Structure formats: C-alpha cells, structure tokens
Amino acid sequence: GAGSVANTPEAGDVEYLAPVTIGGQTVNMDFDSGSSDLWVFNTQLSLNTLSGHMAYNPAQSSTFQLLPGSTFSISYGDGSGAAGNVGTDTVNIGGATVTGQAIELATDVSTSFVTDTQSTGLIGLAFSKLNTVKPVQQKTFFDNALATLPEPVFTADLRHNAAGTYEFGAIDSTKFSGPLAWTPVNTTSGFWQFTSQAFAVGGGAPSTSVPGGQAIADTGTTLMLADQSVVDGYYSQVQGAVNNATVGGVTFPCSATLPDLQIDVGGTMATVRGDDINFAPVDQTGTTCFGGLQATTVQPQIYGDIFFKSNFVAFNGGNNSLGVAPH
Ligand SMILES: N#Cc1c(N)n[nH]c1N1CCCC1
C-alpha cells in the first residue's frame with residue numbers, strides 16, 4: 001500500500017529527516033534522491049561515534065539477515081562518506097513496506113555524520129545503478145517497493161522551517177497548486193536528471209542557453225547549485241551581492257529584497273521564491289546573508305532543497321519522469 005510520513009527540517013533547513021521503521025525499530029533518516037544507498041548508524045559503531053544518535057540494533061530484529069561477505073562504501077560530493085557491511089530487513093515508511101531490503105550497516109562514518117546527531121543515516125532514492133554494495137549491487141527502497149505501490153511514485157513536499165511530507169505510492173494533489181508539469185528523466189547518470197536550459201530573474205526575459213543544460217532533483221543537497229551563467233544573471237539583480245571567497249560563495253546584505261528565479265524544468269519554467277534564496281546569515285550580526293543559489297562548475301546542476309521549498313516534486317519510477325508544481 002501507499003505510505004506517507006512527515007518530514008522535519010533540521011535547523012536552517014540544512015537537511016530533512018523523516019521516520020523509517022527497520023525491523024520494528026523506528027529511526028529518523030535523511031531521504032536523499034541524489035544517492036542510492038540505505039545506510040544506518042548501528043550497534044557495531046563505537047559508543048563515542050554513537051553518542052547522541054539513535055541506532056539500529058540488528059540483534060534486536062527477528063527479521064534481520066546478514067548478507068555474508070557484502071560490503072558498502074559511499075562518498076558524497078561534499079567529501080562526507082560511510083562504509084560497512086550489509087544485511088536485509090523489513091522496512092516500513094508510513095505503511096509502505098518492503099521485505100528483504102538491503103540495510104547497510106556503517107562501521108565507519110565521516111565526522112559530519114557523527115556530529116549530526118538527529119540523523120540515523122540515509123535512505124537513497126536515486127536509481128539502483130548507483131548503489132555501492134559489493135559483490136552484488138542492491139536495490140533502493142523505492143525500486144523494491146515499485147511493484148507493490150498503488151502508483152509507481154514517491155513525492156517530496158519540503159517546506160522552509162516547517163513540517164512537510166514524503167509519500168510513496170500516491171500523489172496528494174492538496175499539496176500543490178495547478179497541474180503537475182511532467183518532464184522525462186534521463187536515467188543514464190543514475191540520478192533523476194532532466195533538461196534545464198533557461199532561466200529568468202524576477203519575471204524578466206528568459207535566457208536561452210545555459211551551458212550543459214542538465215540538472216538533477218536532489219533532496220539530499222541543501223542548496224541549489226546552478227551554472228555560473230545562472231548565478232551571475234540572478235545576482236546581477238541583487239544590490240550588494242558579491243562573490244565572497246572567505247565564506248565560499250555569493251553573499252548579499254540580509255536586508256536585500258531578492259527577486260524570484262524562474263528556472264526551466266524540461267520545458268516548463270518553475271519558480272524559486274526569492275525569500276527562499278536568502279538562505280542564512282553568515283555571522284551573528286545578521287548583516288550579511290549567504291545565497292541559497294550558488295555556482296557549480298561541474299554538470300549536471302544540482303537542484304536541492306532550495307528548489308524543493310518552492311516546488312512540490314513527484315518522482316515517477318514507472319515511466320521515469322518528474323512532475324513539478326508550485327506549493
Ligand atoms: N554532497 C552531497 C550530496 C548530494 N549531492 N546528495 N546527497 C548528498 N549528501 C547526502 C549526505 C551527505 C551529502
């Protein structure tokens with residue numbers, strides 16, 4: 001059946017956590033449409049590493065089975081990572097249930113995960129071809145659930161500083177306004193990748209040629225990382241915006257009024273609210289603020305939580321497409 005869980009932004013909307021029940025044990029996890037491993041803090045880790053965290057205890061699960069000889073090792077674009085061994089167990093997310101789901105048990109996690117005590121790990125929702133388990137690659141929860149879901153979809157409803165929803169198997173049309181604009185997804189990269197070739201600022205004339213012109217929908221990335229041409233075009237309309245090498249990106253006066261950004265999603269222009277592009281102050285004085293839109297020099301562009309706060313997104317694993325609508 002379908003399943004729906006509330007998600008909660010961590011402080012500053014840095015990441016969005018939601019409850020996942022593994023072998024009867026409910027833990028909060030980071031739902032990540034930009035990766036494809038489900039890994040958890042667990043009782044194999046040292047007490048120091050586990051301090052403050054919830055942990056999955058396979059010994060307490062009557063349905064856990066080790067996958068002998070299987071290991072995983074994942075590293076993310078921000079330099080963080082985890083590695084360990086693997087088993088299977090029953091996973092239930094708001095009622096959507098998979099038996100025999102690969103559960104990757106970290107025996108090593110990088111510092112940023114240790115300090116993020118509210119998160120018990122990640123649930124990857126990109127395509128299974130990116131899964132890192134060896135010698136036999138494993139499937140994501142969504143892949144395993146596809147055949148039994150009423151509809152082959154999951155949806156992300158992320159909000160600024162407020163609870164939202166992750167749903168599997170149904171599209172709740174009360175969560176967005178107007179029709180969903182659907183775009184085909186190119187699964188070659190293993191990401192939810194689509195064409196994004198134009199942008200406009202504050203309702204102005206659209207640009208027409210963003211180099212590379214590809215983007216991925218990635219709930220596991222906090223910001224929105226776009227081509228330099230988009231970043232330059234946008235911040236040229238923001239008084240006092242500067243590229244601040246010290247803090248590592250574009251900043252502007254916190255008092256600035258930020259225009260909306262219109263961005264191409266497979267031929268339909270989606271709007272990112274200017275308010276959501278004012279991400280956070282860079283210091284205690286609250287004078288200078290850090291932009292939620294920043295540049296990436298690599299392709300594809302990464303449309304993270306900043307994009308999702310203005311747009312409800314449906315991920316269709318039946319026909320590999322993305323549906324987007326304002327919310
Ligand atoms: N970097 C990065 C990244 C990404 N592009 N999607 N998810 C990511 N992470 C999940 C946990 C840490 C980073």
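Read the numbers this way: they start at 1 and go in the same order the structure lists the ligands and their atoms. Since this is a predicted model, take the numbers as computed values, not measurements.
- Listed by number with element, the atoms of ligand 1 under 4.0 angstrom from any heavy atom of T221 are 3 (C), 4 (C), 5 (N), 6 (N).
- Taking distance alone, with nitrogen or oxygen atoms compared against 3.5 Å, S80 stays at or beyond that limit from ligand 1.
- The protein non-hydrogen atom at the shortest distance from atom 8 (C) of ligand 1 is G220 O, 3.5 Å.
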Under the ring-ring contact (aromatic ring centres under 6.0 Å, His included) rule, what do F168 and F141 come out as? Steps first, then yes or no, please. CA-CA 10 Å; F168 291 86; F141 172 81; 5.2 Å; yes
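- At a cut-off of 3.5 Å, with distance as the only test, a side-chain donor of H327 or D157 sits close to an acceptor on the other residue.
- Within the set L225, T219, D218, the minimum heavy-atom distance to atom 4 (C) of ligand 1 is found for D218.
- In K129, the NZ atom is crowded: over 12 heavy atoms of neighbouring residues, nucleotides or ligands sit closer than 6.0 Å.
- Within ligand 1, counting atoms from 1 as listed, the ones closer than 4.0 Å to a heavy atom of F113 are 11 (C), 12 (C).
- Here F31 has no heavy atoms under 4.0 Å from ligand 1, in either its backbone or its side chain.
- Only the side chain of D32 comes within 4.0 Å of ligand 1, judged by heavy-atom distances.
- A search for salt bridge (charged side-chain N to carboxylate O under 4.0 Å, His left out) contacts involving D143 returns nothing, not counting sequence neighbours.
- Ligand 1 has no nitrogen or oxygen under 3.5 angstrom from a nitrogen or oxygen of I302.
- Ring to ring, W39 and Y56 are not that close: their centroids are 6.0 angstrom or more apart.
- Scanning the protein heavy atoms around atom 1 (N) of ligand 1, the nearest turns out to be D78 N, 2.8 Å.
- Side-chain contact, S321 with N319: a donor N or O sits under 3.5 Å from an acceptor N or O.
- Of all the atoms in ligand 1, the ones that sit under 4.0 Å from a non-hydrogen atom of G77 are 1 (N), 2 (C).
- A donor and an acceptor atom, one from each side chain of Q214 and Q193, are located under 3.5 Å apart.
- In the hydrophobic clustering (ILVMFWY side chains linked at under 4.5 Å, chained through shared members), V153 is joined by I171, F176, L180, W182, F312.
- The shortest N or O to N or O distance between Y76 and ligand 1 is not below 3.5 Å.
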